[in-house]
Number of protein chains: 2
Amino acid sequence: MARQTQGAQNDGRQRVLDFITTYITDNNVPPTIREIQAGAKISSTSMVSYYLKDLEKANLLDRYKRRSRGVVINDPHRLSVRDMLSIPIVGRITCGAGPMPTPDADVLRSAEDRVQIARAMVKEGDDLFALVAQGDSMIDALINDGDIVIMKKDSDVKNGELAAVFLTDKNESTLKRVFKEGRRLKLKPENPTLKPFYVDARHAQIQGRVVCVIRQA
Amino acid sequence: MARQTQGAQNDGRQRVLDFITTYITDNNVPPTIREIQAGAKISSTSMVSYYLKDLEKANLLDRYKRRSRGVVINDPHRLSVRDMLSIPIVGRITCGAGPMPTPDADVLRSAEDRVQIARAMVKEGDDLFALVAQGDSMIDALINDGDIVIMKKDSDVKNGELAAVFLTDKNESTLKRVFKEGRRLKLKPENPTLKPFYVDARHAQIQGRVVCVIRQA
DNA sequence: TTGACAATAGAACGCATGTTCGATTACAAT
DNA sequence: ATTGTAATCGAACATGCGTTCTATTGTCAA
């Protein structure tokens, strides 16, 4: 059974751990020993050090020795800013007439609206931009009005990837799964109830590959 | 025109700013003056201080006086851990027979798989859980096999919200926009090409509201 | 009780780190 | 050249902050 003091000690330990956690999320910086002492109501810095050593042994946190604010929470679920991407929304897609807006450097930088997504959600983090779907014209790609489509700029895609294709003869863009079949492209709607169709590869121009679709309620 | 030295100074300033930015994303902690000095190749700590004062005046960063590592980048695009949510994936939905898995406390805590999304993406951050769509049975909700559906647990929804409804007489769940019309519910597919249908409110049980749908390529 | 040991205090020690300041150099305008 | 100002340097100074050490108390087992 647990000793009486064990309870008190765990209390202190827990308070320290909790304080550090909330302090980091609030301040984006770990606290100092003395800040922990004050915030977690510990009676002395040596007690904080004592608990810290304990928590480190229990693998609940890591420490950088002799470095100021050198304590990090050891939680696999814990997120860091590295895990997030902020992607500029460069325009709208109608999937109707005309090519879709392509992002140049200026637009990317000046973009006010952005989507934040987890880096884990996409394989590659470069050359990404986002578009807002407009209208019902992309139902067959399972994309609804208002959906945010995150794309990677690319002029070529692998077989079976969902991509934006500009059809020069029809002067319109469309989102389909692309399969190269000799001189023609098979364009397969994302909607499995619809049939694929075929176009001449010379009249099709790949604009980018769909990386992620986000629909907010 | 700019002076010759102006260029050199801006170089230093820029190097300092860049170093701080990358240091923070790498270490989750701002650097010390001397770390900046070494990392940005500045010749003395007083020069770092000089640049820092400049950058602060230019509103590119904020500082906490006399605090170790007391420098923060002032970038509205910059994210912090507060901006993110980590949502447990509690199971799969087939939208076929049976109710969909509902999350109890145990499942939530033990969930290994999680989705990270920006807090800005959802209005409320509590009581969220995620499901992975399975099969093609939710095409009329514009949800595809493998999509991640983020839901808020709730037994009631506002008119017009996309919700998971369990139909007791058919013993199956479905995702539809729900409109209360007296004693019956209008269930409208998210797919605008499909017609809504009606059920008796006594045979329908709302399980939660769809907050966000994420499709990865 | 007594011995062993965890828990606690308090303070001092020493390196880490932000700050300051006088001296020096570089450059542009006069 | 001269002068004013920005840029730079080096070093000292003053805290900030982690660490350590000794002494004391509390608790359990024998």
Side-chain angles (χ1 to χ4, degrees), chain A residues 1-20 23-24 26-58 60-74, chain B residues 1-20 23-24 26-58 60-74:
Chain A
M1 62 273 140
R3 296 211 236 152
Q4 269 185 301
T5 43
Q6 197 76 13
Q9 196 224 18
N10 283 337
D11 267 13
R13 264 173 48 141
Q14 196 57 48
R15 283 210 309 283
V16 167
L17 190 60
D18 290 346
F19 175 75
I20 296 174
Y23 187 100
I24 292 180
D26 285 351
N27 301 68
N28 269 319
V29 170
T32 67
I33 300 281
R34 284 169 180 80
E35 283 169 341
I36 297 171
Q37 184 196 349
K41 303 270 165 64
I42 309 294
S43 49
S44 65
T45 60
S46 53
M47 262 292 96
V48 177
S49 182
Y50 189 69
Y51 291 145
L52 249 34
K53 213 165 291 178
D54 237 37
L55 289 165
E56 193 184 6
K57 204 170 297 175
L60 293 169
L61 48 81
D62 291 334
R63 301 187 73 190
Y64 296 101
K65 290 178 183 173
R66 288 181 186 284
R67 290 188 43 164
S68 66
R69 305 174 188 278
V71 48
V72 297
I73 297 286
N74 200 338
Chain B
M1 62 269 140
R3 295 213 241 153
Q4 268 185 301
T5 44
Q6 196 74 14
Q9 197 224 18
N10 283 336
D11 266 14
R13 263 173 48 144
Q14 196 57 47
R15 283 210 308 282
V16 167
L17 190 60
D18 291 345
F19 175 75
I20 296 173
Y23 187 101
I24 292 180
D26 286 352
N27 301 70
N28 269 318
V29 170
T32 68
I33 300 282
R34 283 170 180 78
E35 284 168 340
I36 297 171
Q37 185 198 348
K41 303 270 164 63
I42 308 296
S43 49
S44 65
T45 60
S46 51
M47 262 291 94
V48 176
S49 183
Y50 188 70
Y51 292 143
L52 248 34
K53 214 166 288 176
D54 237 38
L55 289 164
E56 192 184 8
K57 206 170 295 173
L60 292 168
L61 48 79
D62 290 335
R63 303 187 69 191
Y64 297 102
K65 291 178 185 176
R66 286 180 186 283
R67 289 186 41 160
S68 67
R69 304 173 190 278
V71 48
V72 296
I73 295 288
N74 201 339

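Naming convention: chains lettered A, B, ... in sequence-line order (proteins, then strands); numbering from 1 in each chain.
Of the residues in residues 26-35 of chain B, those lying under 4.0 Å from DNA chain C by heavy-atom distance are B:T32, B:I33, B:R34. Remark: A:R63, A:K65, A:R66, A:R67, A:S68, A:R69 in residues 62-73 of chain A come within less than 4.0 Å of DNA chain D through at least one heavy atom.
Listed pair A:Y51 / C:dT8 meets the phosphate criterion, a side-chain N or O lying under 4.0 Å from OP1 or OP2.
Evaluation of the salt bridge (Lys or Arg N to Asp or Glu O under 4.0 Å) rule for B:D62 yields no partner, not counting sequence neighbours. A:S46 meets the side chain to side chain contact (heavy atoms under 4.5 Å, CB included) test with A:S44; sequence neighbours excluded. Scored by the salt bridge (Lys or Arg N to Asp or Glu O under 4.0 Å) test, A:R67 finds B:E35 as partners (sequence neighbours excluded). Partners of A:D18 by salt bridge (Lys or Arg N to Asp or Glu O under 4.0 Å), not counting sequence neighbours: none found.
Rounded to the nearest 0.5 Å, atoms CD1 (A:I42) and CZ (A:F19) are 10.0 Å apart. Note: A:I33 CD1 to A:Y51 OH = 13.5 Å, rounded to the nearest 0.5 Å.
For the pair B:V72 and B:Y64, the minimum side-chain heavy-atom distance is below 4.5 Å. In this structure the side chain of A:I20 reaches within 4.5 angstrom of the side chain of A:L52, judged on heavy atoms.
In this structure, of D:dT8, C:dT8, C:dG10, it is D:dT8 that holds the atom nearest to the side chain of B:Y50. Nearest nucleotide to the side chain of A:S44, out of D:dT8, C:dG10, D:dT20: C:dG10.
Atom-to-atom, CD of A:Q37 to P of D:dG16 comes out at 14 Å; the value is rounded to the nearest Å. Residue B:L55 contributes atom CG, which lies 12 Å from atom P of D:dA7 at whole-angstrom precision. Regarding A:M47, its CE atom lies at a distance of 17 Å from the P atom of D:dA23, rounded to whole Å. The distance from atom CG of B:L52 to atom P of C:dT17 is 15 Å, rounded to the nearest whole Å. Regarding B:E56, its CD atom lies at a distance of 13 Å from the C1' atom of C:dT19, rounded to whole Å. Per the geometry, CD1 belonging to A:I42 stands 16 Å off P belonging to D:dT19, to the nearest Å. One atom, CG of A:L61, and another, P of D:dG18, lie 13 Å apart when rounded to the nearest Å.
Side chain A:T45 to base D:dG18: no donor-acceptor pair is found below 3.5 Å.
The minimum heavy-atom distance between A:P30 and B:V29, with the atom names listed, is CD-CG2, 3.5 Å.
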